[in-house]
Amino acid sequence: MTKKRVLIIDDEYEIRSLLGNYLERMRGYEPSLARNLDEGLALAKNNRFDHILCDYYLNPNGNGHRGDGQTAVDFLRRAKATGINANIIVMSGKAEVDMAVEVTKMGAVDYLAKPITFAQLEFALKRAEERQKLYEENVQLKQQVEEKYSFSNIIARSPQMERIFGVVDKVKDYKTTVLVTGESGTGKELVSRALHFNSIRKHAPFVAVNCGGIPENLLESELFGHVKGAFTDAVRSKRGLFEEAQGGTLFLDEIGELPLSLQVKLLRVLQEHEIRPVGDTRTIKVDVRIVAATARDLGELVRQGKFREDLYYRINVLTIVIPPLRERKEDIRLLIDHFIKKYNKVIEPRKVKGVSPDAMQVLMSYKWPGNVRELENVIERALVLTEHETIQLEDLPFNLHSTKMPEVDESGVEPEPETLSIKKNGKEMEKRLISIALSKTNGNKTQAAQLLEISLPALLYKIKEYGLNP
Ligand SMILES: Nc1ncnc2c1ncn2[C@@H]1O[C@H](COP(=O)(O)OP(=O)(O)OP(=O)(O)O)[C@@H](O)[C@H]1O
Ligand SMILES: [Mg+2]
């Protein structure tokens, strides 16, 4: 068993050697000694200690006299800044509650009053190790939870998405064309990538092309390549994306935008497994799996004569439909946590912990027309704006609140409120109008009062009454 390393920082020689002896006797511990803060810090920077025992009053000269200067609090502060993450236990001649509170706040894990007995020290070390173990287990557990709900970076726990993960897993290795549909921002590309990167093709390229993003006259040579001189600008021959994706996956995004002329050519590739570069007489065999995506209703495009029926049937063999976010609310919370973590890292030094209950209510009841992409943007924006540890109502964009106003469902009927009391409903309405006004004016209360057409003192009073602005 490797010995645990313990650093003792104390200006009194007797204490250092006493504690050093205790540790030797305990077995399994290896003491290092420092006389003052600077020595201790230098040692701690260059070695990995499991525990650091630090005297409260540290005389810079290390001669046992109570100096004018440094305390364990200075040590804790500097240790934190340097990224030292040993268990720090503070010792002091007097048991003072204030001091104990102060050092614990600064990150000390324990506090011992001198004179320290062998048993006390042993107990303190064991307790710190127990805590450390629990902490590590907790971190590990959290990671496992995260992995459980993540499949190739797709965060989801809803039964609908679990079913999709199941389908992806089942069909990933076949060459069958897969069509992924769903509203904008639902994660069609993410699922398509998961299909490729979990398949036997994962070491070959995943090539994505946006069929709506390239002018029609260029798209053909982009997909199939061309030979030198095939057209005016073709000064040299060029490999197409099908060839680039050889052995791998070609992701045809926005397949509904593919011009009719190219639909015929794509159909031929799917049937013959070969392509013909523009201006070429030969054909080239290709082994490429096609994954197509669309946010549009392809069936409807077929009816409108904008999409070939034969191609439609050819690519519609296996369709993965990603439901909109509003139909899988279980995923919203998980995604919020995920994006908070993500943007805490991006927007340093943000340490946002979560979402306030009323903001969460808005996030859960909003319709999310832009789906996960919109949710991600909202969380990123909130992290930039917020001045609190939790995201507040006013950190959310205005259009999110407004959907909280009385809603009219498809049938045009307004849902009946829980109570018809004008007093209670009036208060709710006031609360909502005030938060909207505050968010619209970025918290400027004078301007908000003007929008609300009430006086500033009245607004301040109401804010306090409703607890709107902590
Ligand atoms: N389940 C999810 N977990 C984590 N991130 C997600 C999830 N779904 C979508 N996203 C993120 O949302 C954004 C949009 O996803 P993606 O581009 O795959 O959507 P899309 O359906 O292709 O959208 P569009 O139709 O607009 O092209 C991306 O940044 C993606 O990483
Ligand atoms: Mg996309």
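In listed order, ligands and their atoms are each counted from 1.
Using a 30° and 60° split on the angle between ring planes, Phe339 and Tyr343 fall in the tilted class, from 30° to 60°.
The atoms of ligand 1 that sit less than 4.0 Å from any heavy atom of Leu335 are 2 (C), 3 (N), 4 (C).
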- request: Go through Arg296 and Glu257 one step at a time and tell me if the salt bridge (charged side-chain N to carboxylate O under 4.0 Å, His left out) criterion holds.
  value: CA-CA 9 Å; Arg296 304 182 61 177; Glu257 310 291 322; 2.9 Å; yes
field: Derivation of the salt bridge (charged side-chain N to carboxylate O under 4.0 Å, His left out) call for Asp331 and Arg333
entry: CA-CA 6 Å; Asp331 292 343; Arg333 271 174 203 276; over 6 Å; no
message: If you apply the rule salt bridge (charged side-chain N to carboxylate O under 4.0 Å, His left out), what do you find for Glu300 with Arg303, and how did you get there?
response: CA-CA 5 Å; Glu300 183 54 35; Arg303 277 186 286 283; 3.3 Å; yes
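Summarising the contacts of atom 22 (O) of ligand 1 with Glu189, Glu183, Arg193, the nearest heavy atom is found in Glu189.
Contacts of Glu376 with ligand 1, taken as heavy-atom pairs under 4.0 Å, involve the side chain alone. Residue contacts with ligand 1, taken as heavy atom pairs separated by less than 4.0 Å, involve Asn153 solely via the backbone atoms N, CA, C and O. With a 4.0 Å heavy-atom cut-off, ligand 1 is reached by the backbone of Ser184 and by its side chain too.
In terms of N/O distances under 3.5 Å, ligand 1 is approached by Ile155. Between His338 and ligand 1, a contact under 3.5 Å exists for no N or O pair. Taking distance alone, with nitrogen or oxygen atoms compared against 3.5 Å, Gly187 approaches ligand 1 more closely than that limit. Inclusion of Gly185 in the set of residues having an N or O under 3.5 Å from an N or O of ligand 1 is warranted. Checked by distance only, ligand 1 and Lys188 come closer than 3.5 Å through their nitrogen or oxygen atoms.
Salt-bridge check for Asp173 with Arg201: failed, with every basic side-chain N at 4.0 Å or more from each acidic carboxylate O. Salt bridge present: Glu244 and Arg239 bring a charged side-chain N and a carboxylate O closer than 4.0 Å. Using a 4.0 Å cut-off between charged nitrogen and carboxylate oxygen, Glu183 and Arg326 count as a salt-bridge pair.
Note: Leu301 CG to Leu258 CG = 11.5 Å, rounded to the nearest 0.5 Å.
Among protein heavy atoms, atom 10 (N) of ligand 1 sits closest to Val372 CG1, 3.4 Å. The nearest protein atom to atom 30 (C) of ligand 1, hydrogens excluded, is given as Leu190 CD2, 4.0 Å; this is a heavy-atom distance. Of all protein heavy atoms, the one closest to atom 27 (O) of ligand 1 is Arg373 NH2, 3.8 Å.
Of the listed residues (Asp110, Val103, Leu76), just one forms a side chain to side chain contact (heavy atoms under 4.5 Å, CB included) with Ile88, and that residue is Leu76.
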